[in-house]
Amino acid sequence: MLEHKGTTNSIKADLEKKFVSYISTLLHFNSINFDKKIRKHNERYALVLDDMEESYIGYEDEKLLELNSYRLENQISDPNLHKFFLKLSEREKEILNFTFVEEKKDTEIAEKLGVSQQSVSKTRKNALKKLRNFLTKERSE
């Protein structure tokens, strides 16, 4: 009788192990399919806020919007960070603006500015390092 009970427990343990494995695999593949579905939906129905027709906005208005509201310096809410951002060079500010506001890739920025991709990457890295150093010095004082 003990032998029969031990066999039943091992069968239950084996079934439980297989069930957990099945559920784990099921969750894994369903999460992958869900992610694919969400990505496909986001690609089809992308939210585009800055895609205005030229007939709605004049050239001067467009330049004014570009210069004012879509600049990174106008989006920074932390006063210390804003102060330190203004201390960066114009090139560093421009590259950070292209990167974070306009979400351009390094190669696109490099093409637009007429420099190498490595130069853009290095300038952005140095600008972020400067901001980080400014902020850590400010907090330590």
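Along the sequence shown, residues are numbered consecutively beginning with 1.
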To the nearest 0.5 angstrom, please state how far the [atom1] atom of [X] sits from the [atom2] atom of [Y].
X: K137; Y: N80; atom1: NZ; atom2: CG; value: 14.0 Å
X: T136; Y: L131; atom1: OG1; atom2: CG; value: 10.5 Å
X: I11; Y: D14; atom1: CD1; atom2: CG; value: 8.5 Å
X: K112; Y: E102; atom1: NZ; atom2: CD; value: 5.5 Å

Hydrophobic cluster partners of I95 (side-chain heavy atoms under 4.5 Å) |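 F98, I109, L113, V115, V120, all in the cluster of I95.
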Other than F29, what residues sit in its cluster of Ile, Leu, Val, Met, Phe, Trp and Tyr side chains whose heavy atoms are under 4.5 Å apart, directly or through others?
->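 Reading the cluster by chain and number, F29 sits alongside I32.
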Donor-acceptor contacts under 3.5 Å from residues 16-26 side chains, at least two apart:
unit_1: T25; atom_1: OG1; unit_2: S21; atom_2: O; d: 2.9

A127 to L88 - nearest heavy-atom pair and separation |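 Minimum heavy-atom contact is O-CD2, 4.1 Å.
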List the atom of L86, the atom of K93, and the distance in Å for their closest heavy-atom pair.
->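 Smallest heavy-atom distance, with atoms named: O-NZ, 3.4 Å.
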State which residues pass side chain to side chain donor-acceptor pair (under 3.5 Å) with E92; sequence neighbours excluded, sorted by chain then number.
->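 Result, side chain to side chain donor-acceptor pair (under 3.5 Å) vs E92: S89, K130.
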Contacts of type ring-ring contact (aromatic ring centres under 6.0 Å, His included), residue H41, not counting sequence neighbours =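 With neighbours one apart ignored, the set is Y45.
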pair K104-T99: side-chain heavy atoms closer than 4.5 Å =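 K104 does not reach T99 side chain to side chain.
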Given side chains that start at C-beta, do those of L96 and T123 come closer than 4.5 Å, heavy atoms only?
->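 When only atoms from C-beta onward are counted, T123 and L96 do not touch, as no gap falls below 4.5 Å.
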Please answer whether the main-chain N or O of K105 pairs with a side-chain N or O of E108 as donor and acceptor at a distance below 3.5 Å.
->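 Yes, E108 side chain to K105 backbone: donor-acceptor pair under 3.5 Å.
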With distance as the sole test, does S121 use its side chain to make a donor-acceptor pair with the main-chain N or O of Q117 at under 3.5 Å?
->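 Answer holds: no.
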Sorted by first residue and then second, give each ring-ring contact (aromatic ring centres under 6.0 Å, His included) pair with at least one member in residues 109-138; sequence neighbours left out.
->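 Only F84-F134 qualify under ring-ring contact (aromatic ring centres under 6.0 Å, His included).
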